[in-house]
Amino acid sequence: MGNLCACLAPKSIKKKPTKRLPSPTLPNNSSKRWTRVRSSRKDKPDAALTREQVLAAAILFQQHQQHNARDPFDRTTSLRYPKSGSKNSNVLPRSSSSRARSLTDPLLQPHQLVSENVKPEDIETNHFVLVHGGGFGAWCWYKTIALLEEGGYKATAIDLTGSGVHSFDPNCITSLSQYVQPLTDFLEKLAEGEKVILVGHDFGGACIAYAMELFPFRIAKAIFIAAAMLTNGQNTLDMFSQQAGADDLMQQAQTFSYANGNSHPPTAINLEKSLLRDLFFNQSPAKDVALASVSMRPIPFAPILEKLCLSDLKYGSVRRFYIETPEDNAIPITLQDSMINKSPPQQVFRLKGADHSPFFSKPQALNKLLIEISKIKTPS
């Protein structure tokens with residue numbers, strides 16, 4: 001949970017250069033249709049003929065874009081441990097982002113996201129359970145939910161205790177089990193034999209690890225997105241304390257609440273709204289930053305101090321995957337690599353150009369990775 005500790009190393013904030021799309025070219029088979037246009041309009045003035053030729057070219061190019069455009073998605077993500085798969089093409093409706101679309105987050109139709117050689121019945125589960133990070137809520141997954149459901153998947157976003165629209169006071173949360181209770185209640189009520197894919201972001205990584213220890217038989221896979229991936233006996237604060245140096249931005253962004261008095265430990269961490277963009281959303285659309293600024297809540301302090309008890313028999317039996325965010329100013333890529341090296345997951349993916357909140361900055365690319373992971377079969 002990148003917003004938990006003031007000891008993260010500073011990371012410069014870089015503006016990504018804009019990319020220009022190449023000038024469009026007409027399809028090779030356009031010459032015959034151009035000939036027909038000219039031959040059927042010989043008696044018309046040159047100006048009218050030129051206008052018709054331009055119109056015909058525009059129609060041809062639109063058809064070419066719809067039916068023959070190549071899918072540029074490969075440039076969005078890179079798999080550190082490559083896995084072969086087929087690529088499809090076609091053009092998608094606009095996503096919910098209002099920012100200028102770049103090649104690093106292309107528009108893809110839901111059917112493009114599933115390889116042709118994988119049948120729906122081969123997927124162990126199509127149900128994703130999305131767990132937010134500290135200060136966030138279920139609201140942060142709105143783009144991911146829409147994209148998954150458009151692709152025929154089921155998505156459930158959980159508001160942890162005192163987060164999102166959950167009415168509980170974050171200052172009154174005294175344990176990790178209390179904080180994670182909405183998630184554990186959900187897993188406990190699943191039908192017999194039903195499994196889900198747990199997805200944890202930021203401090204949500206520690207939360208899904210806690211749930212994996214309790215309900216390993218109900219979790220098909222666990223995906224950590226720029227998340228705290230702890231080892232047995234470790235708490236989230238310990239993990240971030242390993243990062244050398246101090247992050248001035250992180251220090252400036254944090255203030256502590258002492259609901260039990262100044263002589264007692266803090267009860268919650270508050271985040272300065274004016275610094276949210278630089279800390280969590282440095283690559284995200286402005287409207288999503290605005291949403292976060294009015295939706296984020298204080299982070300309960302007690303859960304980040306609690307050490308996890310993780311066993312190989314339970315937690316270790318669930319297949320884990322990690323999605324790195326290289327432009328992350330909250331959990332630097334060096335810290336993400338450190339967690340991965342200490343507790344290697346089955347596979348590691350790197351989401352190029354993603355900040356700490358890829359569900360905002362790279363929603364299409366993130367969605368593709370989630371679906372790719374859902375299709376990975378259990379080793380025989």
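- Between His201 and Trp141, the two ring planes are perpendicular [angle over 60°; tilted spans 30° to 60°].
- Put simply, the side chain of Phe280 does not reach to within 4.5 Å of the side chain of Asn329, judged on heavy atoms.
- Between the side chains of Glu213 and Ser311, at least one donor N or O lies within less than 3.5 Å of an accepting N or O.
- Contact of the Ile299 side chain with the Pro170 side chain is not registered, since no non-hydrogen atoms from C-beta on lie closer than 4.5 Å.
- Note that CG of Leu369 is 8.5 Å distant from CD1 of Ile223, once rounded to the nearest 0.5 Å.
- Partners of Lys307 by salt bridge (charged side-chain N to carboxylate O under 4.0 Å, His left out), not counting sequence neighbours, listed by chain and number: Asp238.
- Residues Leu230 and Ala206 approach most closely at CD1-CB, 4.0 Å, considering heavy atoms.
- Here Phe217 contributes atom CZ and Glu192 contributes atom CD; the two are 8.0 Å apart, rounded to the nearest 0.5 Å.
- Side-chain contact between Ile225 and Val199: present, with at least one pair of heavy atoms (C-beta onward) separated by less than 4.5 Å.
- When atom types are taken as modelled, the side chain of Ser357 and the backbone of Phe281 share no donor-acceptor pair closer than 3.5 angstrom.
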Set out, in order, the CA-CA distance, both residues' side-chain angles and the distance that settles side chain to side chain contact (heavy atoms under 4.5 Å, CB included) for Val318 and Lys221, then state yes or no. CA-CA 6 Å; Val318 180; Lys221 298 181 179 78; 5.6 Å; no
I would like to know whether Thr184 and Phe215 meet side chain to side chain contact (heavy atoms under 4.5 Å, CB included); could you show each step before the answer? CA-CA 8 Å; Thr184 55; Phe215 302 101; 4.0 Å; yes
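- Of the options Leu308, Asn235, Ile304, Thr236, a side-chain contact (heavy atoms from CB on, under 4.5 Å) to Leu176 is made by Leu308 and by none of the others.
- Across every non-hydrogen atom of Ser163 and Phe136, the tightest pair is CB-O, 3.5 Å.
- Pairing each heavy atom of Met229 with each of Arg320, the nearest pair is SD-NH1, 3.2 Å.
- Classification of Glu149 and Lys154 as a salt-bridged pair fails, no side-chain N sitting under 4.0 Å from a carboxylate O.
- Here the CZ-CD1 distance, from Phe321 to Ile197, works out to 8.5 Å after rounding to the nearest 0.5 Å.
- One finds the CD1 atom of Ile333 at 3.5 Å from the CD atom of Glu324 (value rounded to the nearest 0.5 Å).
- Side chains of Asn367 and Tyr153: a donor-acceptor N/O pair is absent below 3.5 angstrom, by distance only.
- Checked by atom type, the side-chain pair Asp355/Ser284 shows a donor-acceptor distance below 3.5 Å.
- Minimum heavy-atom separation, Ser257 to Asn171: CB-OD1, 3.4 Å.
- Residues Leu271 and Gln254 are in side-chain contact: their nearest non-hydrogen atoms beyond the backbone lie under 4.5 Å apart.
- Of the possible polar contacts, one joining the Gln336 side chain to the Ile331 backbone as a donor-acceptor pair under 3.5 Å is found.
- Here Cys140 contributes atom SG and Leu130 contributes atom CG; the two are 8.0 Å apart, rounded to the nearest 0.5 Å.
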Applying side chain to side chain contact (heavy atoms under 4.5 Å, CB included) to Glu372 and Phe349, what does each step give before you reach the verdict? CA-CA 11 Å; Glu372 284 183 356; Phe349 300 82; 4.3 Å; yes
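- The shortest heavy-atom contact between His132 and Leu160 is NE2-N, 3.1 Å.
- Looking only at atom types and distance, the side chain of Gln234 has a donor-acceptor partner in the side chain of Thr231 under 3.5 Å away.
- With salt bridges taken as basic N to acidic carboxylate O contacts below 4.0 Å, one links Glu124 and Arg319.
- Put simply, CD1 on Ile219 and OG on Ser317 are 8.5 Å apart, with the number rounded to the nearest 0.5 Å.
- The heavy-atom pair separating Phe128 from Leu370 by the smallest distance is CZ-O, 3.4 Å.
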Could you please spell out the steps behind the ring pair (Phe, Tyr, Trp, His ring centres under 6.0 Å) verdict for Phe203 and Tyr179? CA-CA 11 Å; Phe203 184 41; Tyr179 181 59; 5.7 Å; yes
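- Within 6.0 Å of CG on Asp312 lie no more than 12 heavy atoms contributed by other residues, nucleotides or ligands.
- Arg218 places a side-chain N or O within 3.5 Å of a backbone atom of Leu187 that can act as its donor or acceptor partner.
- When atom types are taken as modelled, the side chain of Thr156 and the backbone of Val129 share no donor-acceptor pair closer than 3.5 angstrom.
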Between Lys143 and Asp288, does a salt bridge (Lys or Arg N to Asp or Glu O under 4.0 Å) hold up when you go through it step by step? CA-CA 10 Å; Lys143 293 180 181 180; Asp288 292 324; 2.6 Å; yes
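- The backbone N or O of Gly164 lies less than 3.5 Å from a partner atom in the side chain of Arg297, making a donor-acceptor pair.
- With hydrogens and angles left out, the side-chain atoms of Thr174 and Gln178 include a donor and acceptor closer than 3.5 Å.
- Asp202 and His356 form a side-chain donor-acceptor contact under 3.5 Å, judged by distance and modelled atom types alone.
- Distance alone, capped at 3.5 Å, places no donor-acceptor pair between the Thr325 side chain and the Glu327 backbone.
- By the 4.5 Å heavy-atom criterion applied to side chains, Ser374 and Asn126 are not counted as neighbours.
- Counting heavy atoms from C-beta on, the side chains of Pro363 and Thr144 never come closer than 4.5 Å.
- Of the possible donor and acceptor atoms, one in the side chain of Asn232 sits under 3.5 Å from a partner among the backbone N and O of Leu310.
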Test side chain to side chain contact (heavy atoms under 4.5 Å, CB included) applied to Val180 and Thr161, step by step: CA-CA 7 Å; Val180 182; Thr161 305; over 6 Å; no
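- Using a 4.5 Å heavy-atom threshold, the side chains of Leu291 and Tyr142 count as touching.
- Between the side chains of Glu306 and Ser175, no donor-acceptor pair of N or O atoms lies under 3.5 Å.
- In this structure, Ile173 and Phe168 have side chains that are in contact, with non-hydrogen atoms separated by less than 4.5 Å.
- Checking side-chain atoms of Ser293 against main-chain N and O of Ala290 turns up a donor-acceptor pair under 3.5 Å.
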